[in-house]
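Below are the structure tokens for one structure; questions will follow.
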Amino acid sequence: MAAPAAGRAEAAGNPGLDPGQALRLSQAALGRQVGDHILLDRQGRPVALSSFRGKPLLVSFIYTGCFQICPATTRSLQEAVEALQKSVGASQFNVVSIGFNQPADSPQALKAFATQYGITTPNWDFLSPPAAIVPALTADFGFAYAATPAGFDHVLQVSVLDADGRIVRQIYGEDVVAGELGEPLKMLLAGLPMNAENSVLDNLMDRIRIMCTVLDPETGAYRVDYTLPVQIAGGATFFILMMAFFINEWRTSRRISAKKRDRGIA
């Protein structure tokens, strides 16, 4: 991920994003109604987030100076959106991508980004917030980011909002799967209640998704790091094997003791 010169200067001495804290902030946004922030569309016209109410809304945060993860995530989201349009209908929900790196993510920059990656979906807007509202806007969505020497270390998330502008689900990871977005979308469209709290397993998987994408300081690029899941799998396997060993030893000891009792051996 390349960063503008200003971004590099701001990143001096910045340790990067803490994954655990980032996940806590993101999860804390569940159930929150997003404020009525005013942003600019690709033509520079003001757009209120409240104007998207009445339909479910998918929101992602990007920065246009990113040449790897943001484009890859946006392409993945595009594939998921196209699949969802076929299954639930093209006009049943809206999508918004917000450029958080101001002033670099101007309406013109977002227009060029959308054009470059061939995103012409009518219900997908690319919005540029004024720099002054970026902290409050990102906090509303639980979106965490930190400047780094190579750009930004940020959470890979798509927020799912209901028709009232309330965050009901956070979807994590570089590869956005249509099924992950489709399940909450279909529930919202059917008027079914949604539980904003993730299960323990969901939280573990979310933590893995967030922590698997890390910045490589040598190349300045983001890469998938499977160290954490491998360590978890290795630890779980070791624990299971040790438990099996001790249970087997305990059973063997009980059998020997029972035989001794049967033979009258003290």
Side-chain angles (χ1 to χ4, degrees), residues 17 19-37 49-62 69-70 72-98 100 121 123-127 136-145 154-213:
L17 194 66
Q21 177 64 10
L23 179 58
R24 285 190 290 272
L25 291 173
S26 178
Q27 289 291 292
L30 290 171
R32 179 182 300 155
Q33 187 170 46
V34 175
D36 191 17
H37 303 282
L49 283 182
S50 61
S51 65
F52 294 99
R53 292 180 186 173
K55 295 180 181 180
L57 176 67
L58 309 179
V59 178
S60 68
F61 283 86
I62 61 172
I69 289 293
C70 289
T73 304
T74 302
R75 285 194 206 96
S76 177
L77 179 58
Q78 183 181 21
E79 292 175 2
V81 166
E82 289 174 351
L84 289 170
Q85 287 177 332
K86 294 177 182 177
S87 62
V88 303
S91 61
Q92 296 299 304
F93 65 97
N94 291 307
V95 187
V96 165
S97 290
I98 299 174
F100 66 88
T121 307
N123 63 330
W124 192 334
D125 284 277
F126 285 77
L127 302 179
L137 175 65
T138 53
D140 256 7
F141 282 91
F143 173 77
Y145 63 97
H154 64 90
V155 173
L156 300 175
Q157 75 177 37
V158 176
S159 300
V160 182
L161 281 64
D162 65 16
D164 295 320
R166 208 170 271 106
I167 299 173
V168 296
R169 192 68 56 88
Q170 304 279 36
I171 307 297
Y172 303 105
E174 179 182 349
D175 295 320
V176 183
V177 181
E180 289 184 290
L181 293 173
E183 181 262 335
L185 267 183
K186 289 175 181 178
M187 290 182 69
L188 290 173
L189 291 171
L192 299 174
M194 293 211 41
N195 183 3
E197 295 183 359
N198 284 5
S199 68
V200 173
L201 179 59
D202 287 337
N203 284 329
L204 175 60
M205 293 308 299
D206 291 341
R207 187 175 177 82
I208 289 174
R209 287 190 184 109
I210 283 180
M211 295 187 70
C212 277
T213 306

Where do Ala90 and Asn123 come nearest, in terms of heavy atoms and distance?
O-ND2, 3.3 Å
Checking side-chain polar atoms at under 3.5 Å, does Gln21 have a donor or acceptor matched by the opposite partner on Arg24?
yes
Which residues share a side chain to side chain contact (heavy atoms under 4.5 Å, CB included) with Ser87, sequence neighbours left out
Leu84, Lys186
Evaluate the side-chain contact (heavy atoms from CB on, under 4.5 Å) criterion for residues Ile171 and Leu181: first the C-alpha distance (whole Å), next the side-chain angles of each, then the deciding distance (0.1 Å), finally the verdict.
CA-CA 7 Å; Ile171 307 297; Leu181 293 173; 3.6 Å; yes
Quick one: CD on Gln92 to CG on Leu189, what's the gap to the nearest 0.5 Å?
5.5 Å
So, the side chain of Arg32 versus the backbone of Asp140: is there a donor-acceptor pair under 3.5 Å, distance only?
yes
Which atom pairs, donor and acceptor, lie under 3.5 Å between side-chain atoms of residues 156-165 and protein residues at least two apart or in another chain?
from   : atom 1 : to     : atom 2 : distance (Å)
Gln157 : OE1    : Ser26  : OG     : 2.8
Gln157 : NE2    : Phe141 : O      : 3.2
Gln157 : NE2    : Ser159 : OG     : 3.3
Ser159 : OG     : Gln170 : OE1    : 2.6
Asp162 : OD1    : Asp164 : N      : 2.9
Asp162 : OD1    : Gly165 : N      : 3.1
Asp162 : OD1    : Arg166 : N      : 2.9

What pairs with Glu183 under salt bridge (Lys or Arg N to Asp or Glu O under 4.0 Å), at least two apart in sequence or on another chain?
Arg169
Can you tell me how far OG1 of Thr138 sits from NE2 of His154, rounded to the nearest 0.5 angstrom?
12.5 Å
Could you go through Val168 and Met187, starting from their C-alpha distance and side-chain angles, then the distance that decides it, and tell me whether this counts as side-chain contact (heavy atoms from CB on, under 4.5 Å)?
CA-CA 11 Å; Val168 296; Met187 290 182 69; over 6 Å; no
One should read off an interatomic distance between Ile98 CD1 and Leu49 CG, to the nearest 0.5 angstrom, of 5.5 Å
Just to verify, what does Ala144 make a side chain to side chain contact (heavy atoms under 4.5 Å, CB included) with, not counting sequence neighbours?
Leu17, Ala22, Leu25, Val155
Can you tell me if Thr74 uses its side chain to pair, donor with acceptor, with the backbone of Cys70 under 3.5 Å?
yes
Could you list the donor-acceptor pairs under 3.5 angstrom formed between side-chain atoms of residues 52-61 and any protein atom two or more places apart in sequence or on another chain?
from  : atom 1 : to    : atom 2 : distance (Å)
Arg53 : NH2    : Val34 : O      : 3.0
Lys55 : NZ     : Ser91 : O      : 2.7
Ser60 : OG     : Ser97 : OG     : 3.0

For the pair Tyr172 and Leu23, evaluate side-chain contact (heavy atoms from CB on, under 4.5 Å) and give the outcome as yes or no after the intermediate values.
CA-CA 10 Å; Tyr172 303 105; Leu23 179 58; 3.8 Å; yes
Determine, step by step, whether Leu77 and Trp124 satisfy the side-chain contact (heavy atoms from CB on, under 4.5 Å) criterion, reporting the C-alpha distance in whole Å, the side-chain angles of both residues, the deciding distance to 0.1 Å, and the verdict.
CA-CA 11 Å; Leu77 179 58; Trp124 192 334; 3.8 Å; yes
Nearest-0.5 Å distance, CG of residue Asp125 to CG of residue Asn94:
7.0 Å
Can you list every pair that meets salt bridge (charged side-chain N to carboxylate O under 4.0 Å, His left out) and has a residue in residues 80-97, with sequence neighbours left out?
none
Looking at OH of Tyr145 and CZ of Phe100, how far apart are the two atoms once the value is rounded to the nearest 0.5 Å?
7.0 Å
